[in-house]
Amino acid sequence: MPEKFVENSHILEYKDEQLQHVTLGITTRKNGLSNYPKQAFNMARYIDDNSQNITKHQQQLADLITFDRKNWVFPIQTHENNVVEITNMHKGMNIDTLTNDLHGVDGMYTYQSNVLLTMCYADCVPVYFYSEKHQFIGLAHAGWRGTVGQIVVEMVNKIDFDLNDLQVVIGPATSMSYEINDDIKSKFNTLPIDSTKYIETRAVDRHGIDLKAANALLLEHVGIPKENIYITNYATSEDLDLFFSYRVEKGQTGRMLAFIGQK
């Protein structure tokens, strides 16, 4: 399948003929103001960076996708599976400064227009949900903990319309180069999907895992048609010119911002 994420300035934007009112994508690391590392387009306020850099990067993104910063929402992610509904009252939360609002949230959805759902990533899987027909959008943050916690299933459980009307986009994340140990593998073995389809044992206590594939399988398991799930070919750990990778860069790096909104 042709790649649907298209590079445009500081972002990769998802392009599909079904999209009429929805904008979704993820920022890249290129051509920024941050020295974390050099000339990085960092979007996270919670790392060692000048806060003004993040504000300027936010404004550049806002201008590019024509979503005013005052309409953005950002949760405090904790690698769990808590999903909340976002309304107009949440607009602006954690955009200018971080607060305790929306703490412990790794999944958001809304039926409101002119709200931009945003979350930071640097290897974990951004999972976007949308239905133009039902004016629904959602965004989930699925690292290995969120995947084991089936956050994508928690998101689907919030939906009260026909799942045939739901489209899911699995965005740039770490590749099969990401390895887990026996203990973590045992947690994945409890999931209701075939682990041999996304885990490859390489040596004693060493297993490669494809988190993008795992989340796609979980979505299929709960009734999302396979043809409604798009998985990008982009991998954060493979293209460090384009993406930050927490694992490869041993935590000393910035974060991309995944976003989805409808007008």
Exercise for review: Apply the test salt bridge (charged side-chain N to carboxylate O under 4.0 Å, His left out) to residues Arg145 and Asp106: give CA-CA distance (whole Å), side-chain angles for both, the deciding distance (0.1 Å), then the verdict.
Suggested key: CA-CA 11 Å; Arg145 290 179 180 84; Asp106 286 83; over 6 Å; no
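- Of the possible polar contacts, one joining the Asp205 side chain to the Asp182 backbone as a donor-acceptor pair under 3.5 Å is found.
- In this structure, the side chain of Asn8 does not engage the main chain of Ile11 through any donor-acceptor pair within 3.5 Å.
- Inspection of the Ser237 and Ser245 side chains reveals no N or O donor paired with an N or O acceptor under 3.5 Å.
- Using a distance-only test at 3.5 Å, with no hydrogens or angles considered, a donor-acceptor pair links the side chain of Asn94 to the main chain of Thr99.
- Among residues two or more places apart in sequence or in another chain, the ring pair (Phe, Tyr, Trp, His ring centres under 6.0 Å) test is passed with His79 by His141.
- Within the 3.5 Å criterion, the main-chain N or O of Gln52 finds a donor-acceptor partner in the side chain of Asn50.
- Gln58 contributes a side-chain N or O that, together with a main-chain N or O of Ile95, makes up a donor-acceptor pair within less than 3.5 Å.
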Exercise for review: Could you go through the side-chain hydrogen bond (donor to acceptor under 3.5 Å, both in side chains) check for His207 and Thr201 one step at a time?
Suggested key: CA-CA 4 Å; His207 314 276; Thr201 296; 2.8 Å; yes
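- As a member of the Ile/Leu/Val/Met/Phe/Trp/Tyr network built from side-chain separations under 4.5 Å, Ile54 groups with nothing else and remains a singleton.
- No side-chain donor-acceptor contact under 3.5 Å links Gln262 to the backbone of Thr23.
- Side-chain rings of Tyr234 and Phe243 approach one another, their centers coming within less than 6.0 Å.
- A side-chain contact (heavy atoms from CB on, under 4.5 Å) with Val73 holds for exactly one of Val84, Leu102, Leu116; it is Leu102.
- Using modelled atom types, no side-chain atom of Thr118 and backbone atom of Ala258 make a donor-acceptor pair closer than 3.5 Å.
- Residues meeting the side-chain contact (heavy atoms from CB on, under 4.5 Å) test with His21, sequence neighbours left out: Glu132.
- Partners of Tyr14 under the ring pair (Phe, Tyr, Trp, His ring centres under 6.0 Å) rule, at least two apart in sequence or in another chain, are Phe5, Tyr230.
- Between the side chains of Asn181 and Asp183, no donor N or O sits under 3.5 Å from an acceptor N or O.
- The salt bridge (Lys or Arg N to Asp or Glu O under 4.0 Å) contacts involving residues 23-52 comprise Glu7-Lys30, Arg29-Glu249, where partners must be two or more places apart or lie in separate chains.
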Review point. Salt bridge (charged side-chain N to carboxylate O under 4.0 Å, His left out) between Arg247 and Asp123: does it pass, once the steps are laid out?
Key: CA-CA 7 Å; Arg247 176 61 66 95; Asp123 277 340; 5.8 Å; no
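- For the residue pair Asp165 / Ser131, no side-chain donor-acceptor distance below 3.5 Å is found, with atom types taken as modelled.
- Residues Leu218 and Thr147 approach most closely at CD1-O, 3.7 Å, considering heavy atoms.
- Listed by chain and number, the residues in a salt bridge (Lys or Arg N to Asp or Glu O under 4.0 Å) with Lys263 amount to none (sequence neighbours excluded).
- If you look at Phe136 and Tyr109, their ring centroids are closer than 6.0 Å.
- Without hydrogens or angle criteria, Gln112 side chain to Ile86 main chain gives no donor-acceptor distance under 3.5 Å.
- With rounding to the nearest 0.5 angstrom, the CZ atom of Phe41 is 9.0 Å from the OG atom of Ser34.
- Judged by distance alone, with hydrogens and angles left aside, the side-chain atoms of Asn42 form no donor-acceptor pair with the main-chain N or O of Gly254 at under 3.5 Å.
- No donor-acceptor distance shorter than 3.5 angstrom exists from the side chain of Thr253 to the backbone of Tyr246, with no hydrogens or angles considered.
- Taking 4.0 Å as the cut-off between side-chain N and carboxylate O, Glu179 and Arg202 count as a salt-bridged pair.
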Point to revise | Derivation of the side-chain hydrogen bond (donor to acceptor under 3.5 Å, both in side chains) call for Thr236 and Thr174 | key: CA-CA 5 Å; Thr236 54; Thr174 188; 4.8 Å; no
